[in-house]
Amino acid sequence: MNVTKKFKGLSRELIALRIASELEDGTCVNLGIGIPTLVSDWIEGRDIILQAELGMLNTGPLASKDEVEQDLINASCQPVTELAGSCYFSENESFAMIRGGYMDAAVLGALQVSEKGDLAGWQNPGRGLPEDIGNIGGSMDLAVGAKKVIIAMMHITNDGQYKIVKECSYPLTAQRVVDLIVTDLAVIEVTKKGLLLREVASGLTAEDVQSVTEPKLIVSPKLTEIHF
Amino acid sequence: MNVTKKFKGLSRELIALRIASELEDGTCVNLGIGIPTLVSDWIEGRDIILQAELGMLNTGPLASKDEVEQDLINASCQPVTELAGSCYFSENESFAMIRGGYMDAAVLGALQVSEKGDLAGWQNPGRGLPEDIGNIGGSMDLAVGAKKVIIAMMHITNDGQYKIVKECSYPLTAQRVVDLIVTDLAVIEVTKKGLLLREVASGLTAEDVQSVTEPKLIVSPKLTEIHF
Amino acid sequence: MDKVFPSLDEAVADIPDGASIAISGFFTAGTPIPLINALAKQGAKDLTIICMQMGPGNEDINELVINKQVKKAICNYPFYRSASRGAESPTEQAVRAGELEMEVYPMGTFSEKLRAAGAGIAAFYTPTGVGTVVERGKEKKKFGEQEYLLELALKPDYAFVYAYKGDRMGNLQCHMTARNYSPEMSAAAQITIAAVENLAEPGEIDGDMVHIPGVYVQRVVKIDRPDYFPTID
Amino acid sequence: MDKVFPSLDEAVADIPDGASIAISGFFTAGTPIPLINALAKQGAKDLTIICMQMGPGNEDINELVINKQVKKAICNYPFYRSASRGAESPTEQAVRAGELEMEVYPMGTFSEKLRAAGAGIAAFYTPTGVGTVVERGKEKKKFGEQEYLLELALKPDYAFVYAYKGDRMGNLQCHMTARNYSPEMSAAAQITIAAVENLAEPGEIDGDMVHIPGVYVQRVVKIDRPDYFPTID
């Protein structure tokens with residue numbers, strides 16, 4: 001199942017930019033740890049409200065060194081700033097909000113995504129811990145609660161394994177929740193009929209993307225290069 | 001079952017005073033509508049925190065005419081004042097607090113109390129409404145949630161019916177929750193063995209109180225006159 | 001994302017017949033009377049009204065009953081008069097006449113059902129109501145020594161809430177005991193319409209002083225400070 | 001009802017072996033480190049620690065593990081390092097060695113279990129965790145089209161929480177994202193010990209600005225403003 005890392009695609013920053021262009025104005029969005037956090041750099045000034053699951057709405061950009069306030073961090077433990085109209089609440093209220101359907105979109109990282117939209121993202125069995133132990137964090141609530149789940153990840157693992165798979169072999173975060181997958185190589189929509197390849201990175205073909213994707217992709221008749 | 005209203009006992013104000021002397025310093029107490037509300041007049045200055053179930057801790061005395069603030073009322077819809085250390089929260093938080101066991105005592109009115117400590121206080125069938133319709137209000141949560149439930153009421157009804165009964169015939173507020181009954185005629189403790197008559201109003205005997213009480217009373221060997 | 005509506009009439013214009021509407025307020029405190037008046041004028045019918053009590057005290061909910069706009073009321077203390085005295089309200093008359101359906105819940109259960117809906121919780125076990133008429137038709141379960149009732153989430157289409165101050169993004173600051181049902185009703189409803197005494201620009205309310213996060217509020221309307229006063233029972 | 005304790009040591013003195021303690025804090029924000037240090041000094045053993053994560057980031061909870069004071073940890077994001085990188089913490093080593101029991105819940109379920117305990121709710125149905133290892137051994141039930149898991153209340157003996165300001169009656173005001181778990185842990189625990197940066201007299205905190213009502217807090221200790229800074233992942 002080892003697939004060669006033969007293609008050069010988008011940087012992490014450009015994956016984030018592609019996702020930023022997917023987000024709609026007037027919405028409330030939660031960004032997970034990792035590449036998702038980078039999305040915030042691309043939406044400054046737009047009419048999008050970021051929620052930080054530790055208990056904040058309308059999170060501002062990262063704090064500069066002299067703006068650092070130890071009581072004001074985002075869910076990745078980074079010092080941030082507040083914007084006009086920011087507000088604070090308990091972590092419990094924050095997850096009430098998440099499960100209650102107030103996140104228009106959640107952008108999450110993933111270890112594996114299946115063709116049915118199953119998401120595995122909280123535990124890598126390679127770490128050797130018991131299978132019910134690991135950093136679940138907010139991922140399961142976000143995956144279940146958000147209206148739209150967008151995955152930001154590299155297309156294959158560092159050691160050349162599929163991450164887009166027929167069935168997840170890693171512990172699940174949630175079943176049938178993923179709507180869109182944005183990787184360094186492609187933009188893929190999860191549909192009832194299967195995975196729809198909508199966009200490919202510059203210089204790649206649908207066949208190239210299929211060669212590093214385990215399940216059979218449906219190629220969109222409107223297939224384009226990834227656009228921002 | 002009609003019992004004669006032949007005895008003159010405590011006024012509503014003195015029932016409230018007797019209950020005030022039952023409350024301990026350092027506790028948090030909720031007072032229901034009616035006679036219970038009068039208890040607040042007798043505990044001013046004491047180290048007792050009053051909770052108002054619409055969402056306030058440390059409710060102060062009733063507001064004078066020029067102190068009236070329309071956003072500050074108690075659960076009986078009376079304008080009140082705040083004290084140093086008052087705080088506000090939602091009605092939902094208030095009932096979380098009540099069910100969560102933070103009321104050391106609740107003082108409630110009652111239509112009937114049974115010898116097992118069952119309480120009926122939210123619906124008088126004589127009103128002729130369907131038996132699941134009426135002003136339940138906060139009574140059921142308070143009766144179940146408070147550590148100690150003290151009933152403040154007249155010993156018999158205006159038309160001479162027992163209110164302390166073998167079995168409640170009115171719709172229940174809660175089962176086996178009443179700890180102490182203070183009436184115009186007596187102070188009665190609900191014990192596992194039955195109703196223990198501890199105090200009688202000035203000039204009355206245990207037999208007098210028994211004559212207006214349906215279940216058999218256990219007369220305390222330390223029976224006294226009601227003291228304040 | 002400017003959520004300010006220019007008038008009460010426009011804020012309630014789209015409410016369809018058959019809608020369910022949660023209305024905040026504990027007796028007189030925090031009842032958004034101008035929104036209720038606007039709804040009476042708008043005329044939607046077959047409504048389900050979810051509120052503590054139907055009046056008087058917040059008389060204008062009774063007005064909806066007099067108008068025959070209400071099909072069902074879900075309350076915890078529906079009648080202002082106590083069990084043994086006071087005038088019979090239009091709501092009580094309608095219930096007796098079989099013209100108005102009514103469901104009554106204990107006060108804590110009532111708001112917990114709304115809280116559950118807003119928090120994505122389908123149902124919860126409460127000790128309140130066991131052994132009373134409230135337990136009818138409900139699942140009971142023992143945890144430890146105590147029995148609990150299973151109560152379901154209650155999700156309204158709309159909420160009418162009241163706040164001391166609100167900004168254009170929908171962040172609301174409440175005042176004293178007027179907060180009561182507003183936070184949970186705002187979170188529970190699909191569309192929350194807030195009547196605010198003071199309209200603020202984003203940033204004018206300290207983020208730690210926001211009692212209702214803006215994401216829960218879809219419409220904000222400025223009203224004058226109501227000039228009613230508490231009536232004493 | 002003056003709840004102020006003169007020292008951290010006195011505030012934690014009576015914690016017995018075998019106690020369960022909820023500790024607030026989301027990574028570095030709102031972690032009451034001085035109380036954790038006092039507990040390490042006090043030495044109680046066989047503890048159950050209920051907290052988001054065991055460090056580093058709040059390194060001092062790891063200290064309790066190094067001291068072998070912890071029998072069990074109940075967390076939602078136990079290890080600071082991500083799934084694929086970073087140093088192995090003493091907590092992770094203890095879990096691997098079978099020296100520390102651990103239960104992990106989704107972040108929303110974790111605090112909802114505490115919230116339920118404080119609110120007298122025995123259990124609740126959440127959609128989170130269905131179809132994952134989290135559902136093991138739990139009752140599942142369908143409401144509408146969706147399946148939900150039954151999760152039970154979690155009641156700690158003690159809570160250690162942090163607040164920007166607290167008065168002698170226990171009313172607490174929090175600051176920005178340092179609020180996180182403090183309100184629900186305070187309500188859930190039998191005895192809540194609050195480490196406050198600023199000690200106030202009753203009345204000095206606006207009643208609408210109290211995030212944690214005093215009735216939930218049994219002990220208040222003044223601490224200096226912690227001088228740690230967020231570390232960046």
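Basis for what follows: all heavy atoms, side chains included, without hydrogens, waters or symmetry-related copies. Chain naming here is simple, since letters A, B, ... match the order of the sequence lines and numbering starts at 1 in each.
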Which one wins on heavy-atom pair count under 4.5 Å against chain A: D:Cys174, D:Ser111, D:Cys75? D:Ser111
Answer yes or no: is there a side-chain heavy-atom contact under 4.5 Å between A:Thr27 and A:Met103? no
Taking salt bridge (Lys or Arg N to Asp or Glu O under 4.0 Å) as the test, write out the residues that go with D:Lys165, two or more places apart. none
Please report whether the ring centroid of A:Phe95 lies less than 6.0 Å from that of D:Phe110. no
Top contributor to chain A interface from D:Gly129, D:Pro106, D:Ala178 [non-hydrogen pairs under 4.5 Å]: D:Pro106
Please state whether the side chain, the backbone, both or neither of D:Val133 comes within less than 4.5 Å of a heavy atom of chain A. side chain
Are A:Met154 and A:Ile35 packed together at the side-chain level, in the sense that at least one heavy-atom pair is separated by less than 4.5 angstrom? yes
Which bit of D:Ser182 comes within less than 4.5 Å of chain A, counting heavy atoms only: side chain, backbone, both or neither? neither
Under 4.5 Å heavy-atom distance to chain A, tell me which part of D:Pro183 shows up: side chain, backbone, both or neither. side chain
Heavy-atom count around D:Glu99 CD within 6.0 Å, excluding the residue itself: above 12? yes
Atom CD of A:Glu131 with >12 non-hydrogen neighbours under 6.0 angstrom: no
Find the one option among A:Leu142, A:Ile133, A:Asp132 whose heavy-atom pairs under 4.5 Å with chain D are most numerous. A:Ile133
Heavy-atom distances under 4.5 Å only: say whether A:Ala75 touches chain D with side chain, backbone, both or neither. both
Which portion of D:Tyr105 sits near chain A, non-hydrogen atoms under 4.5 angstrom: backbone
Go through the atoms of D:Glu184 and report whether side chain, backbone, both or neither lie under 4.5 Å from a heavy atom of chain A. side chain
Look at atom OH of D:Tyr164 and say whether more than 12 heavy atoms of other residues, nucleotides or ligands are closer to it than 6.0 Å. no
Tell me, out of A:Ala120, A:Gly55, A:Ala174, A:Gly137, who's got the most heavy-atom pairs with chain D below 4.5 Å. A:Gly137
In a table with atom names and distances, give each donor-acceptor pair under 3.5 Å that connects a side chain of residues 143-150 of chain A to protein atoms at least two apart or in another chain.
none

Measure A:Thr173 against the heavy atoms of chain D and call it side chain, backbone, both or neither at under 4.5 Å. backbone
